[in-house]
Trainee: 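One structure, pasted below without further comment.
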Amino acid sequence: EYLLTYPSNLRALLQRSAETGRKPRKLRQVSCMTEVLDDSVRDACREVWGVPVVQSYSAQEAGYIAIQCPEHNGLHVQSENLIVEILDDDGRPCGPGETGRVVVTTLHNFATPLIRYEVGDYAEVGAPCPCGRSLPVLSRIMGRVRNMLVLPSGETAWPSVGGWSVSDIAPIRQLQCIQTSREHIEVKLVPERPLTQEEEAGLRTLFDDKFDNQFDLTLTYCDEIPRSARGKYEDFKSEIAG
């Protein structure tokens, strides 16, 4: 009745379910962890399976850091067990709507205390939740430094590759963008079959639009895009961030 999985796995399951028309009949809820959860996956799960998706944010070193509100999409910091700070590049606390580094202090780890431990993730601070719970709120988990896009100007942004509608243009099973310089991005694609010239042109137009025509793009076709040693799939990686 409950499915615990990575967002990338869920996306693939939903795509396959939509193709075959086969759906889990007793499923009540899906819980996602480890990877960044894109809103497009939430929407697809409700549309294809008719069930909600909840998100949790955790780290091996600190356990559960934040858990999605039962009534809203924001994540409540588990302040009973740890102190979570979201800090900007100058070490100052971020306010609602601002993104910064996740810094954690554990309160019950007496064997190996973690004091202002930098997890390596970035998160966006949320406003107080309408549900009435007084726990601090994280509105989004952005990812690691390596998931940050560095613009030619030197500014940074957080691309949401997983939400791009590539399947509306061509039969693509996997997609991964790798930034190799401030001017260049390699787009790795795993197609179901060889693409037509029109399909490839459509994908190039989509990628150019999503990256605001600021980069030279190279399309590379692969048989498979491997996951990390821990099974995590990253749809965007930067070799120059950080």
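Quantities reported herein were computed from a predicted structural model and do not represent experimental measurements. We use all heavy atoms of the structure for the numbers below, so side chains are in, but hydrogens, waters and symmetry mates are not.
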Trainee: Donor-acceptor pair, S238 side chain versus I240 backbone, under 3.5 Å?
Mentor: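 Answer holds: yes.
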Trainee: Which of these passes side-chain contact (heavy atoms from CB on, under 4.5 Å) with R101: V119, L87, I86, D88?
Mentor: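 Passing option: L87.
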Trainee: Whether the side chain of K23 engages the backbone of S17 through a donor-acceptor N/O pair (distance < 3.5 Å, no angle test) should be reported.
Mentor: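 Such a contact is absent between K23 side chain and S17 backbone.
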Trainee: If I compare all heavy atoms of Y122 with all of V102, which pair ends up nearest, and what's the gap?
Mentor: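 Minimum heavy-atom contact is C-CG2, 4.1 Å.
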Trainee: Answer yes or no: does atom CD of E19 have more than 12 heavy-atom neighbours from other residues, nucleotides or ligands under 6.0 Å?
Mentor: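 Check passes, neighbour count above 12.
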Trainee: Got a donor-acceptor contact below 3.5 angstrom from the T220 side chain to the K188 backbone?
Mentor: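 No; zero donor-acceptor contacts below 3.5 Å.
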Trainee: Under 3.5 Å, is there a donor-acceptor pair between the side chain of Q78 and the main chain of H76?
Mentor: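 Side chain of Q78 to backbone of H76: a pair is present.
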Trainee: Using a cut-off of 6.0 Å, state whether more than 12 heavy atoms not belonging to R193 lie near its atom CZ.
Mentor: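 More than 12 heavy atoms, drawn from other residues, nucleotides or ligands, come within 6.0 Å of this atom.
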Trainee: Which heavy atom in G95 sits nearest to a heavy atom in V125, and how many Å separate them?
Mentor: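 Answer, listing the atom of G95 first, then V125: O-CB, 3.4 Å.
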Trainee: Out of the candidates T34, V84, I141, only one should pair with Y57 under the side-chain contact (heavy atoms from CB on, under 4.5 Å) rule; please name it.
Mentor: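 Output: one option passes, namely I141.
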Trainee: Judged by atom type as modelled, is there a donor-acceptor pair below 3.5 Å linking the side chain of Q174 to the main-chain atoms of I225?
Mentor: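 Yes, the answer is positive, given that a donor and an acceptor are paired below the 3.5 Å cut-off.
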Trainee: Does any N or O in the side chain of T218 come within less than 3.5 Å of the main-chain N or O of E186, such that one atom is a donor and the other an acceptor?
Mentor: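 No; judged by distance alone, with no hydrogens or angles, the pair does not exist.
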Trainee: Look only at the side chain of E35 and the backbone of Y233, and say whether a donor-acceptor pair between them is shorter than 3.5 Å.
Mentor: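 Yes; judged by distance alone, with no hydrogens or angles, the pair exists.
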Trainee: Report yes or no: does Q179 contribute a side-chain atom to a donor-acceptor pair with the main-chain N or O of V150 at less than 3.5 Å?
Mentor: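 Checking the backbone N and O of V150 against the side chain of Q179, a donor-acceptor pair under 3.5 Å is found.
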Trainee: Walk me through it: do E98 and R92 pass the test salt bridge (charged side-chain N to carboxylate O under 4.0 Å, His left out)?
Mentor: CA-CA 11 Å; E98 297 179 335; R92 294 174 298 198; over 6 Å; no
Trainee: For Q55 and Q68, which heavy atoms make the closest approach, and how far apart are they?
Mentor: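 Minimum heavy-atom contact is N-OE1, 2.8 Å.
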Trainee: Check the surroundings of atom CD in E47: do more than 12 heavy atoms from other residues, nucleotides or ligands lie under 6.0 Å from it?
Mentor: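 Result for CD/E47: open.
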Trainee: For the side chain of R146 and the backbone of K237, is there at least one donor-acceptor N/O pair under 3.5 Å apart?
Mentor: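 Between the backbone of K237 and the side chain of R146 there is no qualifying donor-acceptor contact (under 3.5 Å).
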Trainee: If you count the non-hydrogen atoms of other residues, nucleotides and ligands that lie under 6.0 Å from CG in N213, is the total more than 12?
Mentor: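 Yes, the 6.0 Å shell around CG holds more than 12 heavy atoms from other groups.
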Trainee: Any link between L75 and L37 through a network of hydrophobic side chains (Ile, Leu, Val, Met, Phe, Trp, Tyr) touching at under 4.5 Å?
Mentor: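 Per the 4.5 Å side-chain linkage, L75 and L37 are not co-clustered.
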Trainee: Less than 4.5 Å apart, any side-chain heavy atom of P171 and any of L195?
Mentor: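 Yes - at least one pair of side-chain heavy atoms lies under 4.5 Å apart.
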Trainee: Around atom OH of Y64, are there more than 12 heavy atoms of other residues, nucleotides or ligands at under 6.0 Å?
Mentor: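 Result for OH/Y64: open.
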Trainee: Kindly indicate, with the supporting measurements, whether the criterion side chain to side chain contact (heavy atoms under 4.5 Å, CB included) is fulfilled by V187 and L219.
Mentor: CA-CA 5 Å; V187 182; L219 303 188; 3.7 Å; yes
Trainee: Does the pair R144/E234 count as a salt bridge with the N-to-O cut at 4.0 Å?
Mentor: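 No salt bridge links R144 with E234.
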Trainee: Can you give me the closest heavy-atom contact between M148 and A241, atom names plus distance?
Mentor: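 For M148 and A241, the tightest heavy-atom pair comes out as O-CB, 3.7 Å.
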Trainee: Do T99 and W158 make a side-chain contact, defined as non-hydrogen atoms from C-beta onward lying under 4.5 Å apart?
Mentor: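 Side-chain contact under 4.5 Å: yes.
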Trainee: Kindly determine whether N73 and R42 satisfy side chain to side chain contact (heavy atoms under 4.5 Å, CB included), including the steps that lead there.
Mentor: CA-CA 10 Å; N73 285 345; R42 290 184 187 273; 3.6 Å; yes
Trainee: Minimum heavy-atom separation for F215 and D208, please, with both atom names.
Mentor: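 What the structure gives for the nearest pair is O-OD1, 4.3 Å.
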Trainee: Is atom CD of E80 surrounded by more than 12 heavy atoms (other residues, nucleotides or ligands) closer than 6.0 Å?
Mentor: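 Count over threshold, so yes.
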Trainee: Identify the two heavy atoms, one from L82 and one from A62, that lie closest to each other, and give their separation to 0.1 Å.
Mentor: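 Looking at all heavy atoms of both residues, the shortest contact is CD2-O, 3.9 Å.
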Trainee: Does a side-chain heavy-atom distance below 4.5 Å link P159 with K210?
Mentor: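 They are not in side-chain contact.
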Trainee: Side chains of T180 and E239 only: does a donor on one sit below 3.5 Å from an acceptor on the other?
Mentor: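 Judged by distance alone, the side chains do not pair up.
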Trainee: Tell me whether the count of non-hydrogen atoms from other residues, nucleotides or ligands lying under 6.0 Å of CZ in R16 goes above 12.
Mentor: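 Open.
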